[in-house]
Amino acid sequence: MDRLDKYNYYLDIAESVSKRGTCLRKRYGAVIVKNDEIISTGYVGAPRGRKNCSDLGYCIRNKLNIPRGERYELCRSVHAEANAIISASRDKMIDSTLFLVGIELSDNTYVKNACCCSMCKRTIINAGIKTVVIRDDEKNYRKIDVNDWITDDESIMGEFGY
């Protein structure tokens, strides 16, 4: 019997969590894990009590043709990573791993070169998360050492997108 490795196990859970998302562009799910225990989960959606894009029937970023990775201040949603962090206590997140899966709603494929936006990177750094694992396809993923985001600070260079 072939047994699923743990990273793909947690990525599968993140993918299931993403199905609760309400974004009309992409479905993201996040799972924070420490010592093989799930600390919290998160998916993309508007703040509690506000209407989701799926309720409104449009995405303002789509209407304005805003490229991926830019102008998130216009987005109605809280990102999956941020929602997972909001739902966890910081002491449990220290040295944890965040598993992230993104799905394109236009064709139901994995988001190519998926990564956390600059705002989520800052939040992940401050939460004390050590590693981010991002799914590239059904079985393959990338491991990112969060310290690399501290050393290679894209905000200093004025880079946009991801």
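Positions are given from 1 along the sequence.
- Proximity of a side-chain donor or acceptor of R20 to a complementary backbone N or O of V44 within less than 3.5 Å is not detected.
- Hydrophobic cluster membership differs between L24 and L74, with clusters built from Ile, Leu, Val, Met, Phe, Trp and Tyr side chains linked at under 4.5 angstrom.
- Within 6.0 Å of atom CZ in R142, more than 12 heavy atoms from other residues, nucleotides or ligands are found, so the atom counts as buried in its surroundings.
- D148 has its side chain out of reach of I150: every pair of non-hydrogen atoms, C-beta onward, lies at least 4.5 Å apart.
- Between the side chain of K34 and the backbone N or O of I94 there is at least one donor-acceptor pair closer than 3.5 Å.
- When the shell of 6.0 Å around CG of D2 is examined, it contains 12 or fewer heavy atoms from other residues, nucleotides or ligands.
- By the rule that hydrophobic residues join a cluster once side-chain heavy atoms approach within less than 4.5 Å of another member, M93 and I38 end up as members of separate clusters.
- From K26, atom NZ reaches atom NE2 of H79 across 10.5 Å, with rounding to the nearest 0.5 Å.
- Between V111 and I103 the shortest side-chain heavy-atom distance does not fall below 4.5 Å.
- Expressed to the nearest 0.5 Å, how far CD of E73 lies from CZ of R61 amounts to 8.5 Å.
- Within the structure, every pair that satisfies the ring-ring contact (aromatic ring centres under 6.0 Å, His included) test and touches residues 103-144, not counting sequence neighbours, is listed here: Y7-Y141.
- Both I125 and I144 are members of a single hydrophobic cluster when ILVMFWY side chains are connected at heavy-atom separations under 4.5 Å.
- A donor-acceptor distance shorter than 3.5 angstrom exists from the side chain of T151 to the backbone of N147, with no hydrogens or angles considered.
- Identified under the ring-ring contact (aromatic ring centres under 6.0 Å, His included) test for residues 34-65, with sequence neighbours left out: none.
- Y28 OH to S77 OG: the interatomic distance, rounded to the nearest 0.5 Å, is 12.5 Å.
- Linking ILVMFWY side-chain heavy atoms closer than 4.5 Å, directly or via other members, places I39 and V17 in two distinct hydrophobic clusters.
- The aromatic rings of Y10 and F99 are tilted relative to each other, their planes meeting at an angle between 30° and 60°.
- When hydrophobic clusters are built by joining Ile, Leu, Val, Met, Phe, Trp and Tyr residues whose side-chain heavy atoms come closer than 4.5 Å, directly or via intermediates, I86 is not grouped with M119.
- Taking CD1 of I85 as the reference point, atom CD1 of I129 lies at 4.0 Å (rounded to 0.5 Å).
- The closest side-chain heavy-atom distance from V146 to K130 is not below 4.5 Å.
- A donor-acceptor contact shorter than 3.5 Å is absent between the side chain of N52 and the backbone of G45.
- Here the CG atom belonging to L11 is positioned 11.0 Å from the OG atom belonging to S16, to the nearest 0.5 angstrom.
- Separating the CD atom in E81 from the CD1 atom in I124 is a distance of 5.0 Å, to the nearest 0.5 Å.
- In this structure a side-chain-to-backbone donor-acceptor pair under 3.5 Å is present from R76 to K51.
- A donor-acceptor pair is defined here as one N or O able to donate and one able to accept, closer than 3.5 Å; such a pair exists between the side chain of D137 and the backbone of K139.
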(request) Let me see the working for N140 and R135 under side-chain hydrogen bond (donor to acceptor under 3.5 Å, both in side chains), right down to the final yes or no. (result) CA-CA 6 Å; N140 297 297; R135 177 166 273 171; over 6 Å; no
